[in-house]
Colleague: 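Just passing along the structure, written as structure tokens.
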Protein chains: 4
Amino acid sequence: MRADARHNRARVLEAAEVVLARDGLSASIRAIARHAGVGLGTIYRHFPTQEALYQAVIIERAQRLVAEADALTVADDPGRAFFEFFTRIVENSTRNKTLADILTRAGLDPKAGTADISRDMRDAVERLLVRAQEAGAVREDLRMPELLALLGAACMAAERNQWDDELRTRTLTIVFDGLRPTGRHPASLLPPDFGSAP
Amino acid sequence: MRADARHNRARVLEAAEVVLARDGLSASIRAIARHAGVGLGTIYRHFPTQEALYQAVIIERAQRLVAEADALTVADDPGRAFFEFFTRIVENSTRNKTLADILTRAGLDPKAGTADISRDMRDAVERLLVRAQEAGAVREDLRMPELLALLGAACMAAERNQWDDELRTRTLTIVFDGLRPTGRHPASLLPPDFGSAP
Amino acid sequence: MRADARHNRARVLEAAEVVLARDGLSASIRAIARHAGVGLGTIYRHFPTQEALYQAVIIERAQRLVAEADALTVADDPGRAFFEFFTRIVENSTRNKTLADILTRAGLDPKAGTADISRDMRDAVERLLVRAQEAGAVREDLRMPELLALLGAACMAAERNQWDDELRTRTLTIVFDGLRPTGRHPASLLPPDFGSAP
Amino acid sequence: MRADARHNRARVLEAAEVVLARDGLSASIRAIARHAGVGLGTIYRHFPTQEALYQAVIIERAQRLVAEADALTVADDPGRAFFEFFTRIVENSTRNKTLADILTRAGLDPKAGTADISRDMRDAVERLLVRAQEAGAVREDLRMPELLALLGAACMAAERNQWDDELRTRTLTIVFDGLRPTGRHPASLLPPDFGSAP
DNA sequence: AATGAATGAGGGTTCATTCAT
DNA sequence: GATGAATGAACCCTCATTCAT
């Protein structure tokens with residue numbers, strides 16, 4: 001591919017990511033073209049269809065996530081890796097309205113072809129989960145469907161309602177406590193001196 | 001307002017509720033008019049704008065939710081009331097694509113006027129929460145923002161991904177375990193004989 | 001239907017006929033709207049699709065042709081009626097680029113539903129043909145497929161090349177001579193004093 | 001012109017001919033470039049405009065037709081040559097969507113410059129005609145305008161409606177009977193045993 | 001000279017909103 | 001007051017043509 005074409009393709013993807021993050025899936029191709037500073041035709045040269053472009057954005061994003069998950073898979077502390085991954089994804093969702101979609105898809109079609117990015121995502125998350133469970137950091141009875149459901153739900157909400165740092169922390173604390181093995185609730189939502197508990 | 005006008009307004013609202021529940025916010029005004037058996041103009045007589053109509057539907061729906069919450073507030077078992085409310089809303093979300101929006105709004109603008117329905121919603125949920133906390137069924141350090149965030153997130157995901165009964169149960173089990181006071185995990189996601197824990 | 005709607009529908013059809021006659025099937029909906037002095041939506045209110053509008057124009061035109069054919073069917077001189085019909089259609093084609101289409105269709109799907117206008121057209125032409133054959137004005141061995149082929153061909157060419165009166169007369173003279181029973185060539189293409197015949 | 005440029009020009013023309021034959025005048029420049037295995041720019045280097053390229057194709061095709069006509073002009077039987085030429089062209093029209101256009105043009109501008117291909121075409125056909133008339137195979141009063149009109153009409157219809165062998169034979173029988181001198185109708189459209197004529 | 005990437009006018013179509021009936 | 005016909009901006013997409021590589 002020619003240098004300028006590659007450049008423009010990247011510009012389009014970038015713009016699409018920004019505009020999708022801002023407008024959600026109702027973003028218009030024209031808005032993306034405007035944002036990217038290219039003509040309409042340029043977009044259609046690289047992506048045959050609106051659907052294809054949006055898919056590409058999602059796939060790109062997903063690939064980065066998978067890479068991140070893989071990087072964390074080899075981390076020292078499996079539990080920490082698992083929760084950190086969860087946190088990072090949700091954190092990113094505030095800025096990127098496509099993550100929920102990715103996770104939604106990952107949770108949706110478990111029989112998708114092996115080459116599928118949804119499958120990759122599922123697998124990457126599953127590796128993190130299994131390791132965390134083996135390390136005793138996550139309850140044994142947790143299965144992928146509800147994990148993806150939780151991840152997707154958190155992303156959707158964070159994306160839509162623009163969770164700030166505090167809200168994200170507090171909300172995930174609850175979820176994480178639910179994910180830990182019974183009996184262990186190391187974190188409290190209260191500041192140390194809140195002191196209303198008996 | 002004339003009797004027939006009042007009647008028509010009700011018909012429109014009813015139809016809008018059904019159609020919005022089915023199609024979500026992408027529902028078209030025309031679809032609602034058709035469903036209501038009235039002309040387009042009739043809708044615009046009562047609601048100046050699509051936005052206004054959808055707001056009205058959401059407000060109406062929210063009022064019913066508030067009523068439901070209030071009914072549960074006087075129930076015998078405050079903990080059970082709290083979790084039942086949570087469950088019911090999420091369950092309904094599969095069929096009604098309005099609920100996530102309502103909760104989203106409730107969580108969003110905490111400084112809205114006192115007369116606002118979001119405020120009512122917040123208050124109703126808060127009453128359920130406080131009673132459940134007083135009864136020791138919900139952790140003390142839980143605050144409204146994260147509760148509404150969790151509720152909204154679950155509704156959004158259930159609506160979008162059409163959670164089935166099993167997925168909903170399993171996912172909410174996690175969340176509820178996170179909501180309970182430390183140390184208490186009465187529910188397990190595993191069938192009794194799963195037995196893989198050491 | 002409301003009076004103004006009926007009026008506008010007629011205006012659209014009229015404009016479509018004019019524009020189609022001028023631009024052929026590549027006419028744009030926008031051009032028709034402009035010509036009719038109505039908005040785009042008005043056209044789509046009456047005709048769900050470009051295809052539907054063009055069909056409607058063709059059907060309307062065809063219905064008029066069928067009526068004309070029927071009127072001629074009861075004429076005194078069946079042979080004259082037959083040739084007059086042929087002539088008139090071709091004559092009209094100069095101004096109307098839809099006729100060839102109509103006849104094309106009539107020739108194409110002989111098994112179309114009974115209620116179809118193509119069928120009506122076929123039948124009307126066939127009645128004219130049979131009467132002319134019974135009167136000995138048209139050769140016995142002529143069948144519908146080639147008759148429609150000839151009619152369609154003449155219309156297409158007249159429409160496309162804008163046959164003037166003289167060209168039409170001379171060309172149809174040839175065709176008509178081919179249509180008459182063997183041995184009868186009453187017409188000559190030459191002016192009386194051309195005098196090259198033996 | 002450089003050798004490779006000349007080569008490419010030929011390739012483009014060839015491809016254009018194939019694609020135009022297949023798709024008619026609605027063929028896209030891109031399709032031709034693809035078929036020729038050259039870039040879009042190459043086409044535009046040799047032909048300033050889509051229109052110009054299509055003209056060139058038509059001229060080339062016409063030249064071959066003229067050659068064919070010329071070959072037949074020296075044939076033994078002038079009448080047979082004339083009718084064979086007519087038949088062949090119509091036959092080809094089913095597969096080649098260019099022919100109708102060529103004949104249309106030939107019939108259209110009788111005052112075009114002498115060097116014009118339309119003129120050549122006209123002349124070639126006229127030679128066939130005159131010889132056939134001199135041989136007594138075609139009526140004396142037939143002139144070029146109506147002959148070209150008939151040829152063009154038949155091609156157009158054959159192209160558009162994809163005349164099969166039988167329909168073409170039957171239709172041309174009529175036309176040819178009209179073209180023959182008065183009193184001679186050697187061919188019948190009926191099978192020998194049809195026997196309904198007196 | 002050749003390539004194909006970029007452009008943008010223009011095509012069909014939808015839908016919130018206005019307004020004559 | 002009710003109706004739904006009319007409007008036109010905006011949407012997705014195609015394709016002839018231009019121009020940087």
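Lettering of chains follows the sequences in order, A, B, ..., and the numbering in each one begins at 1.
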Colleague: On DNA chain F, compare the nucleotides closest to D:Ser26 and A:Ser26; which residue's is nearer the 5' end?
Modeller: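 With D:Ser26 and A:Ser26 compared, the 5'-side residue is A:Ser26.
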Colleague: Strictly distance-based, threshold 3.5 Å: is any side-chain N or O of B:Gln162 a donor or acceptor partner for the main-chain N or O of B:Thr94?
Modeller: yes
Colleague: Rounding to a whole Å, what distance do you find between C:Tyr44:OH and F:dA9:C1'?
Modeller: 15 Å
Colleague: Output the distance between atom CD1 (A:Ile32) and atom CG (A:Leu40), rounded to the nearest 0.5 Å.
Modeller: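 Rounded to the nearest 0.5 Å, the CD1-CG separation comes to 10.5 Å.
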Colleague: B:Ile43 has an atom CD1; how far is it from atom P of F:dA2, in whole Å?
Modeller: 12 Å
Colleague: Which whole-number value in Å describes the distance from B:Phe47 CZ to F:dA2 P?
Modeller: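 Whole-Å distance recorded here is 12 Å.
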Colleague: Does D:Glu51 or C:His46 map to a spot on DNA chain F nearer the 5' end, using the closest nucleotide for each?
Modeller: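 First, find each residue's nearest nucleotide; the 5'-ward one identifies C:His46.
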Colleague: Could you state the CG-C1' distance from A:Asp23 to F:dA10, rounded to the nearest angstrom?
Modeller: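 So the CG-C1' distance, A:Asp23 to F:dA10, works out to 14 Å.
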Colleague: In this structure, how many angstroms lie between the P atom of E:dT18 and the CD atom of B:Gln50, rounded?
Modeller: 12 Å
Colleague: Short of 4.0 Å, heavy atom to strand atom, which residues of residues 28-41 of chain D count as contacting DNA chain E?
Modeller: D:Val38, D:Gly39, D:Leu40, D:Gly41
Colleague: Drop me the distance from B:Met156's CE to B:Asn161's CG, to the nearest 0.5 angstrom.
Modeller: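 Taking CE in B:Met156 and CG in B:Asn161, the distance rounds to 12.0 Å.
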Colleague: Check every atom of E:dA1, E:dT3, F:dT3 against the side chain of D:Thr42 and return the nucleotide holding the closest atom.
Modeller: E:dT3
Colleague: Let me spell it out: for each of B:Tyr54 and A:Asp4, pick the nucleotide of DNA chain E with the closest heavy atom. Which residue's pick is nearer the 5' end?
Modeller: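 Its nearest nucleotide lies further toward 5', so the answer is A:Asp4.
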Colleague: Whether the side chain of C:Ser28 engages the backbone of C:Ala31 through a donor-acceptor N/O pair (distance < 3.5 Å, no angle test) should be reported.
Modeller: yes
Colleague: When you measure from the side-chain N and O atoms of C:Arg2 to the phosphate of E:dT21, is any distance below 4.0 Å, counting only OP1 and OP2?
Modeller: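 For C:Arg2, the contact criterion (side-chain N or O under 4.0 Å from OP1 or OP2 of E:dT21) is not met.
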Colleague: Between P on E:dA1 and CZ on D:Arg6, what's the gap in Å once rounded to a whole number?
Modeller: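 One finds 13 Å between P of E:dA1 and CZ of D:Arg6, rounded.
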Colleague: For A:Thr49 and F:dC13, is the shortest distance between a side-chain N/O and OP1 or OP2 below 4.0 Å?
Modeller: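 Yes, such a contact exists.
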Colleague: Report, one line per pair, each donor and acceptor closer than 3.5 Å where one atom sits in a side chain of residues 9-25 of chain C; sequence neighbours left out.
Modeller:
{"from": "C:Arg11", "atom 1": "NE", "to": "C:Asn8", "atom 2": "OD1", "distance (Å)": "3.4"}
{"from": "C:Arg11", "atom 1": "NH1", "to": "C:Ala36", "atom 2": "O", "distance (Å)": "3.2"}
{"from": "C:Arg11", "atom 1": "NH2", "to": "C:Asn8", "atom 2": "OD1", "distance (Å)": "3.3"}
{"from": "C:Glu17", "atom 1": "OE1", "to": "C:Arg64", "atom 2": "NH2", "distance (Å)": "3.2"}
{"from": "C:Glu17", "atom 1": "OE2", "to": "C:Arg64", "atom 2": "NH2", "distance (Å)": "3.2"}

Colleague: With a 4.0 Å cutoff (strictly under), does any side-chain N or O of D:Asn8 reach OP1 or OP2 of E:dA1?
Modeller: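 No.
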Colleague: Could you state the CZ-C1' distance from B:Arg45 to E:dC19, rounded to the nearest angstrom?
Modeller: 12 Å
Colleague: Using the criterion of both pairing distances under 3.5 Å for Watson-Crick and G-U wobble pairs, give all stems of 3 or more consecutive pairs involving DNA chain E.
Modeller: E:2-21 with F:2-21
Colleague: Between C:Tyr54 and C:Ala27, is there a donor-acceptor pair closer than 3.5 Å when you use the side chain of the first and the backbone of the second?
Modeller: yes
Colleague: Do D:Asn92 and D:Arg95 have side chains that get closer than 4.5 Å, going by heavy atoms?
Modeller: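 In short, these two side chains touch, coming nearer than 4.5 Å.
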Colleague: Can you tell if the side chain of C:Ile29 reaches within under 4.5 Å of the side chain of C:Tyr44, non-hydrogen atoms only?
Modeller: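 Result yes, sub-4.5 Å side-chain heavy-atom pair found.
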Colleague: How long is the span from the CD atom in C:Glu60 to the CG atom in C:Leu65, to the nearest 0.5 Å?
Modeller: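 Reported to 0.5 Å precision, the distance equals 11.5 Å.
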Colleague: Over all strands shown, is C:Ala27 touching base, sugar-phosphate only, or nothing at heavy-atom distances under 4.0 angstrom?
Modeller: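 Sugar-phosphate, backbone atoms only, no base.
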Colleague: Output the distance between atom CG (B:Asp101) and atom CD1 (B:Ile58), rounded to the nearest 0.5 Å.
Modeller: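 So the gap between those two atoms works out to 4.0 Å.
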